[in-house]
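What follows is a set of notes on a single structure, which appears directly below.
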Amino acid sequence: MTQTVNSACSYCGTGCGIRLETDGQRIISLSGNEQHPTNRGKLCSKGRELHHTVRTHDRLLRPQIRTSLSQAFAPVDWDTALDHSAQRFADIIKEHGPGAVAFYVSGQLLTEDYYAFNKLMKGFIGRNNIDTNSRLCMSSAVAAYKRAFGADGPPTCYADIELAESFFIIGANPAYAHPIVFRRLEAAKEANPDLKIVVADPRRTDTCSIADLHLPLKAGTDVALLQAMLNVMVWEDLIDQSYIEQHTQGFDSILKNTQAMTPRKAATICDLKAADIVQAALWFAENKTLSFWCQGMNQSTAAVDKNNALIHLHLATGQVGKAGCGPFSLTGQANAMGGREVGGLSNMLAAHREINNPQHRAEVAQHWGVERIHDQVGLTATELFGALEKGSVKAVWIACTNPMVSLPDAKRTKAALEKAELVIVSDAYHPTDTTQFAHVLFPAAGWAEKEGTISNSERCITHLQQALPAAGLSRPDWKITTDFAVSLGQKLGKDWSDSFAYQKAEDIFSEHCALTQGKDLDIAGLSYAILDQHGPQQWPFPKGQIPNQAQRLYSDGLFETTDKKARFIDVKYRPVAEATDEEYPLSLTTGRIRDQWHTMTKTAHVPALMQHYAIPQLQIHPNDAKAYKIKEEQLVRISSRRGEVIAPAKISDDIRQGLVFLPMHWGEMSAKKGQVNHLTMIAVDPISKQPEFKHTAVNLECFKPAWCGMMLMAGAKLSLGREMIQGYTYGVVACAGSDHPVTAIELACTKPLQTKQYKRLDQLLEQGQSFETLSYSERKQGINRKAWLHDGRLVAVRWIGGDIQEAKWLRKLMLEGRDVGELRPYLLAPGGPVEKQDTKGKIICACNNVGELDLKSAIKNGANSLEKLKACTLAGTGCGSCVPEMKGLLKN
Ligand SMILES: Nc1nc2c(c(=O)[nH]1)N[C@H]1C(S)=C(S)[C@@H](COP(=O)(O)OP(=O)(O)OC[C@H]3O[C@@H](n4cnc5c(=O)[nH]c(N)nc54)[C@H](O)[C@@H]3O)O[C@H]1N2
Ligand SMILES: Nc1nc2c(c(=O)[nH]1)N[C@H]1C(S)=C(S)[C@@H](COP(=O)(O)OP(=O)(O)OC[C@H]3O[C@@H](n4cnc5c(=O)[nH]c(N)nc54)[C@H](O)[C@@H]3O)O[C@H]1N2
Ligand code: SF4
Ligand SMILES: [Mo]
């Protein structure tokens, strides 16, 4: 019997609704939910493939424990795992006090999971040492909204997209990071070509494909740009004096610094044209403007000031709480907003309450039936790992985040985890870069295997119904947390069982809803039944609320401050934390690519998502490449004061000179030297404590290995590839393809290969089978190649020495699943028929497997419009994420 359930995408904060058809054991089909107000049936390339990430070979299926990191894990049952870890937690608490334990959680937890973790730490363990990866993500936006509005109340709705007259996108690349929001922006522009779009980003990203004006500002200089824009608005008398007088405070106090920032001065600081700054200001003030931002603003040591400087533009023009305008912070993770609602950060309490506020503490304590909430704010993410390294925190429970890859300064993270007496990790997969540092592994039920709620960028709450039974012995995070809580209570001689006696996720949801009553985010009127009957609902949703009324906040001009007025904050431009100098002359910025999600524990399993970008590449301006004598695809060593990364160069004038870009996604498990956070530093915003991931001073040099190699295997063999890259200086794994997936492993080393290593490689490639083989070697050139064939098709290749670019056509051959036929004699020889074979080029459309060369030849043959190009190649007819790149090709 098949059943259809409603779910939502577990990736980005767009919050798309998904429908799953299941037979109770498997997901039979996945599609966008036509009824969901966010996406109306659309999904991006990642969301469409989500069902392929559920039952993978590396799912963590049972609890495991070990007493030291050098031991192997031993599988145990749940009772043993919970008893063991609760006992160790309790021992540490008894000996060193509750401040010696901490939780590090995630904006990908469901609201119910998040609530349970917070209640246990802040209410029962009795300290506030719980922080979340949202510290690395949304904490600056939260701090700025609170400074401006008195509460973390994002005012806008998606419905404003279709009502706006202008978009101002700054420090965000929604074409990659929020694709379905971007589809709506594209559609709005198409429906109204007069709509003005400005994009401020040091790189010309795919988001610029819809821009009327791109401001390629110098990284970190946003405050100067935004101040100058406000200055222009004041000068041109485009501000709304009566709104400022009635609804805001502090405007006069910022005038001096604002007026000192002339467009010309900002043009120098930002390295922009003054006229472009003026133009951006005029479009902003003269139209109903919706502004979007994300990590280009948030991940900075000036982040909160950047955020407030942007909100100023809306307050000064009266563009808050009205249709079609307002400051719209895009949230990162699927439940980043939900985490804010339950007070997931170490300085917050449930339902937008503050730890610093005695009344708020009392309210929460009463709701939880505890005496008091501790009055000291807890450690933030980077402080927490610092405390682990110092030894003042001795035990940490990490849930639903992969800090070995995602925290800045990876060497420090490693030292912290190695020093810790107890590391518990709850994850759905194992091994990950972080589970390798755990003493206890809790298997978490994954997406589709549990029920709960998430809140998206526009405060809209979606109920995810359970589609599948949990894999193996895995359990929902809330269940693990509450069982652990009861056990910990016992070990501490307390009975916490009534406080954590939830039978189902909704029991927690109801308790959370009740705690919001009377607050700005009041959802006391919500229940799963309402969400199931009426679909997703925005907050606030107080008792008696009529469903499906899109809600803008602050429409009455009344804010959450004591005098109900919004605030202008006197901000000043400050340069980035680590200045570039002779030793480290370039600035590195980091971020996302379209088809990968974070640390790739999920997306690396989906070959279709490895086609757009298969490996981490260094984006670099042609002039910088020339100065360092770097050629396209050549390996480059990128070094900072803390570590190094090796990656091939991707030369492009889409990036500013002096700036280089690396993607954040690869950890050591899939790219031996590709983990970007070995370079980054712990420099944080003074208010939000969010790290500056968007700037690091770096140096470059060409990496000249003794040899380079490419190993190919038919099939998606991620774990085999991961095994293979260990032991080499440079190694990266990618499983790409759709019908005939291929795993490609690039290797390079500064030392020549030993016979033993050849043998090992061949063993891994052959996997115990006996196939027909071909070999080719030229000792003097260091060339030593072998191919394995079955039924005329390539099943594996070891390509060592010479130009590895030439091996790429073999990869294409395998991806196409072709018989090698008459190409047999050329397979391994240098200078094989490279160009002739590459008929696709780089894959642009992941849905329909259409390459750059396919598109170029179609354009040459007369497909001179987007519609024609779509019709004859089918590119862009799936999720549409590749449309910006198609437009780029048409333009050229
Ligand atoms: N495909 C994909 N989508 C995702 C994610 C993912 O992993 N993969 N993750 C999700 C999460 S958690 C988040 S937080 C969001 C992040 O979403 P975004 O913030 O949109 O993505 P990023 O690539 O981190 O950074 C955006 C842009 O900031 C620019 N930038 C860098 N420095 C500056 C600066 O000083 N000023 C300005 N104005 N711009 C600057 C960069 O060039 C980059 O293009 O994406 C979400 N969506
Ligand atoms: N250099 C650089 N670093 C960055 C950023 C950047 O732009 N540049 N961006 C930062 C930002 S904005 C973010 S949000 C972070 C993201 O960084 P992380 O949170 O570390 O990234 P994820 O890969 O999403 O980690 C989620 C983990 O939870 C596991 N998991 C999946 N589902 C479940 C589940 O249901 N339960 C449990 N318990 N576990 C599950 C996954 O397997 C994975 O190990 O990275 C930050 N780091
Ligand atoms: S835009 Fe893509 S990744 Fe984001 S929620 Fe929608 S389908 Fe998921
Ligand atoms: Mo994020």
Side-chain angles (χ1 to χ4, degrees), residues 8-9 12-17 32-44 47 153-170 172-175 177-199 206-213 280 283-294 310 313-314 317-331 337 455-462 534-539 546-555 866-867 876 879-881 883-884 887:
C9 179
C12 85
T14 302
C16 298
N33 182 350
E34 307 270 349
Q35 255 90 53
H36 198 288
T38 298
N39 57 316
R40 297 271 174 230
K42 290 198 182 73
L43 292 174
C44 80
T156 48
C157 305
Y158 287 142
D160 288 317
I161 293 173
E162 287 80 30
L163 302 170
E165 296 163 341
S166 134
F167 300 140
F168 183 71
I169 305 170
I170 180 163
N173 183 12
H178 298 88
I180 297 303
V181 171
F182 192 69
R183 297 283 88 76
R184 283 178 77 158
L185 303 185
E186 280 175 334
K189 175 78 177 170
E190 215 158 292
N192 172 16
D194 290 337
L195 188 128
K196 297 290 180 245
I197 303 179
V198 178
V199 177
D206 273 11
T207 297
C208 298
S209 65
I210 55 168
D212 296 286
L213 175 62
W283 279 343
F284 194 115
E286 287 168 349
N287 296 292
K288 284 190 287 181
T289 298
L290 200 52
S291 64
F292 296 95
W293 73 100
C294 203
L310 174 60
L313 305 184
H314 290 279
T317 52
Q319 301 205 44
V320 180
K322 296 176 188 161
C325 60
F328 201 155
S329 146
L330 292 166
T331 55
M337 183 70 79
S455 303
N456 71 5
S457 291
E458 62 152 3
R459 297 171 276 109
C460 186
I461 300 170
T462 297
H534 299 283
Q537 301 295 323
Q538 271 186 295
W539 63 252
I546 300 162
N548 299 323
Q549 313 271 303
Q551 305 237 26
R552 224 160 267 123
L553 301 182
Y554 316 125
S555 302
L866 186 62
E867 288 321 309
C879 73
S881 296
V883 167
K887 282 188 189 158

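Residue numbers start at 1 and run along the sequence shown.
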**Prompt:** Are Thr156 and Leu290 side-chain neighbours, meaning at least one heavy-atom pair lies under 4.5 Å?
**Reply:** yes

**Prompt:** If only atom types and distance count, is the side chain of Asp160 paired as donor or acceptor with the main-chain N or O of Gly324 below 3.5 Å?
**Reply:** yes

**Message:** What's the separation between atom SG in Cys208 and atom CG in Asn173, rounded to the nearest 0.5 Å?
**Reply:** 8.0 Å

**Asked** Closest approach of Ala323 and Leu163, non-hydrogen atoms and distance?
**Response** CB-CD1, 3.9 Å

**Complete:** For Ala285 and Thr317, the nearest pair of non-hydrogen atoms, with its separation, is CB-CG2, 3.9 Å

**Prompt:** Are Asn456 and Met337 close enough that some pair of their side-chain heavy atoms sits under 4.5 Å apart?
**Reply:** no

**Request:** Start with the C-alpha gap between Gln538 and Ser455, add the side-chain angles, then the distance that decides, and say whether side chain to side chain contact (heavy atoms under 4.5 Å, CB included) holds.
**Result:** CA-CA 8 Å; Gln538 271 186 295; Ser455 303; over 6 Å; no

**Request:** Indicate yes or no for a side-chain donor-acceptor contact from Asn287 to the backbone of Thr289 under 3.5 Å, with no hydrogens or angles considered.
**Result:** no

**Request:** Verify side chain to side chain contact (heavy atoms under 4.5 Å, CB included) between Glu165 and Leu195, making sure each step is shown before the conclusion.
**Result:** CA-CA 5 Å; Glu165 296 163 341; Leu195 188 128; 5.7 Å; no

**Asked** What distance separates Cys157 SG from Arg552 CZ, expressed to the nearest 0.5 Å?
**Response** 5.0 Å

**Asked** Any donor-acceptor pair under 3.5 Å linking the side chain of Arg183 with the backbone of Gly880?
**Response** yes

**Prompt:** Do other residues, nucleotides or ligands put more than 12 heavy atoms under 6.0 Å from the CD atom of Glu190?
**Reply:** no

**Message:** If we ignore hydrogens and angles and just use 3.5 Å, is the side chain of Ser291 paired with the main-chain N or O of Phe168 as donor and acceptor?
**Reply:** no

**Asked** Closest approach of Pro536 and Thr462, non-hydrogen atoms and distance?
**Response** CB-OG1, 3.5 Å

**Prompt:** Cys16 versus His36: any side-chain heavy-atom pair under 4.5 Å?
**Reply:** no

**Asked** Once you round to the nearest 0.5 Å, how far does OG of Ser881 lie from CD1 of Ile180?
**Response** 6.5 Å

**Request:** Taking all heavy atoms of Glu458 and all of Tyr158, pick out the closest pair and write down the distance.
**Result:** OE1-N, 2.8 Å

**Message:** Between Glu34 and Arg40 (salt bridge meaning N to carboxylate O under 4.0 Å), is one present in this structure?
**Reply:** no

**Prompt:** Would a 4.5 Å heavy-atom cut-off, applied to side chains only, mark Lys288 and Lys322 as touching?
**Reply:** no

**Candidate pair Val198 and Ile169, rule side chain to side chain contact (heavy atoms under 4.5 Å, CB included), full reasoning** = CA-CA 6 Å; Val198 178; Ile169 305 170; over 6 Å; no

**Under 3.5 Å: donor-acceptor pair, side chain of Ser457, backbone of Thr331** = yes

**Item:** Straight-line distance of Ile161 CD1 to Glu186 CD, nearest 0.5 Å
**Value:** 11.5 Å

**Request:** Find out whether Trp539 and Leu553 are in side-chain contact, i.e. whether some heavy atom of one side chain is under 4.5 Å from a heavy atom of the other.
**Result:** yes

**Message:** Could you tell me if the side chain of His314 sits less than 4.5 Å from the side chain of Pro327, heavy atoms only?
**Reply:** yes

**Fill in**
Closest non-hydrogen atoms of Ser166 and Phe284, given as atom of the first, atom of the second and distance, are OG-CA, 4.4 Å

**Prompt:** Going through the distances and angles, do Phe182 and Ile210 end up as a side chain to side chain contact (heavy atoms under 4.5 Å, CB included)?
**Reply:** CA-CA 10 Å; Phe182 192 69; Ile210 55 168; 3.5 Å; yes

**Request:** Please check if the side chain of Gln537 supplies one atom and the backbone of Asn548 the other of a donor-acceptor pair under 3.5 Å.
**Result:** yes

**Asked** Val199 versus Phe167: any side-chain heavy-atom pair under 4.5 Å?
**Response** no

**Close side-chain approach of Arg459 and Gln551, heavy atoms under 4.5 Å** = yes

**Prompt:** So does Asp212 pair up with Lys189, basic N to acidic O under 4.0 Å?
**Reply:** yes

**Item:** Residue pair Pro884 / Ala175: nearest heavy atoms and the distance that separates them
**Value:** CG-CB, 4.4 Å

